[in-house]
Amino acid sequence: MFRSLLAKWKPEAVVVAGFGQLIDTPIIQYPDYGIYNVHPADLRNGYGAGPDPWGDLVTRRAQTMRVSIHQVSEEIDAGSVVGVSPSVNVRLAEGECTDDVRLIGEKTFMPVKAMVEELVRRLCSNWESDCPCTINRMDLESCFSLPEKEALMRPIDPEKRGTLLPLSPLCVRDTV
């Protein structure tokens, strides 16, 4: 299915998140401007690769984390890291950990919009310059104002569960 969509849409760049499948070399090499994955873990420092990045945070009892954008490779979450978000607080107000991965997931979703917007800006700049090449490095932390960075460092608020990623009534009591 993905191959037929790729052939139909003929994208010049692809950004994936939560894709959950290996992508092979012919697909990786298809778009001139690259394929990028948004991953909720600090891949630059070796944390959270694979399908359970939030489980990694819980296991390590981490206080903060980062979101990474990396180039897609044939190995899951092993492509070159293009950039990472500022630190994101993944603790509750009293400093304790939560094992509610839905809360952690919603908190780590916060910086994604600004990060992807900056990636798309850079890709568009390359396209406008007729420079079909991948983005190798970006200072994504500089895309965030001080108030935005402060918001990322606020503790997780359990009362806000489901406000960033709305839940259906069937799974309100479940965690992801």
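By convention here, the first residue in the shown sequence is residue 1.
Between Asp52 and Asp56 there is no side-chain heavy-atom pair separated by less than 4.5 Å. Using a 4.5 Å cut-off on side-chain heavy atoms (C-beta onward), Arg102 and Lys107 make no contact. Counting heavy atoms from C-beta outward, Thr64 and Met153 have side chains that approach closer than 4.5 Å. Between Ser85 and Leu140, every side-chain heavy-atom pair lies at or beyond the 4.5 Å cut-off. Side-chain contact between Ile27 and Ile35 is present, with heavy atoms from C-beta onward closer than 4.5 Å. Counting heavy atoms from C-beta outward, Met65 and Thr108 have side chains that approach closer than 4.5 Å. Taking 4.5 Å as the limit, every side-chain heavy atom of Asp100 sits out of range of all side-chain heavy atoms of Pro158.
Here the shortest heavy-atom pairing between Pro53 and Pro40 reads CB-O, 3.4 Å. Taking each heavy atom of Val88 and Pro111 in turn, the nearest pair found is CG2-CG, 4.2 Å. The heavy-atom pair separating Ile104 from Thr98 by the smallest distance is CD1-O, 3.6 Å. Closest non-hydrogen pair, Leu92 versus Pro155, comes out as C-CB, 3.6 Å. Among all heavy-atom pairs drawn from Val14 and Pro31, the shortest one is CG2-CG, 4.2 Å. Annotation for Trp127 and Tyr33: closest pair CA-OH, 3.4 Å, computed over non-hydrogen atoms.
Within the structure, salt bridge (charged side-chain N to carboxylate O under 4.0 Å, His left out) contacts touching residues 139-157 (residues at least two apart or in different chains) are Arg66-Glu141. Within the structure, salt bridge (charged side-chain N to carboxylate O under 4.0 Å, His left out) contacts touching residues 3-28 (residues at least two apart or in different chains) are Arg3-Asp24. Sorted by first then second residue, the salt bridge (charged side-chain N to carboxylate O under 4.0 Å, His left out) pairs that include residues 25-40, not counting sequence neighbours, number zero. Here salt bridge (charged side-chain N to carboxylate O under 4.0 Å, His left out) pairs that include residues 119-134, with residues two or more places apart or in two chains, are Glu118-Arg121.
Here Ile23 contributes atom CD1 and Gln29 contributes atom CD; the two are 13.0 Å apart, rounded to the nearest 0.5 Å. Once rounded to the nearest 0.5 Å, the distance linking OG of Ser87 with CZ of Phe144 reads 11.5 Å. The CD1 atom of Ile28 sits 12.0 Å away from atom OG1 of Thr134, with the distance rounded to the nearest 0.5 Å.
Annotation: Glu75, atom CD; neighbour count of heavy atoms from other residues, nucleotides and ligands within 6.0 Å does not exceed 12. Residue Phe19 places its CZ atom among more than 12 non-hydrogen atoms of other residues, nucleotides or ligands, all under 6.0 Å distant.
Taking a 4.5 Å side-chain heavy-atom cut-off between Ile, Leu, Val, Met, Phe, Trp and Tyr, the cluster of Leu22 extends to Ile76. Val84 belongs to a hydrophobic cluster with Leu43, Val81, counting contacts under 4.5 Å between side-chain heavy atoms of Ile, Leu, Val, Met, Phe, Trp and Tyr, direct or through other members.
Side-chain heavy atoms closer than 4.5 Å link hydrophobic residues (I, L, V, M, F, W, Y) into clusters, and following such links, even through other members, never connects Trp54 to Tyr47.
Defined by atom type and a distance below 3.5 Å, a donor-acceptor pair is missing between the side-chain atoms of Gln71 and Asn37.
A donor-acceptor pair under 3.5 Å is absent between the side-chain atoms of His70 and the main chain of Arg44, judged by distance alone. Using modelled atom types, one side-chain atom of Tyr36 and one backbone atom of Ile135 make a donor-acceptor pair closer than 3.5 Å. Between the Ser129 side chain and the Asn126 main chain, no donor and acceptor come within less than 3.5 Å of each other.
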Run the numbers on Val116 and Val38 for side chain to side chain contact (heavy atoms under 4.5 Å, CB included), then give the verdict. CA-CA 8 Å; Val116 172; Val38 179; 3.7 Å; yes
Evaluate side chain to side chain contact (heavy atoms under 4.5 Å, CB included) for Met115 paired with Val67, printing each intermediate quantity in order. CA-CA 9 Å; Met115 294 171 67; Val67 176; 3.9 Å; yes
Show your working on side chain to side chain contact (heavy atoms under 4.5 Å, CB included) between Arg91 and Cys97 and close with a plain yes or no. CA-CA 5 Å; Arg91 295 285 181 121; Cys97 296; 3.2 Å; yes
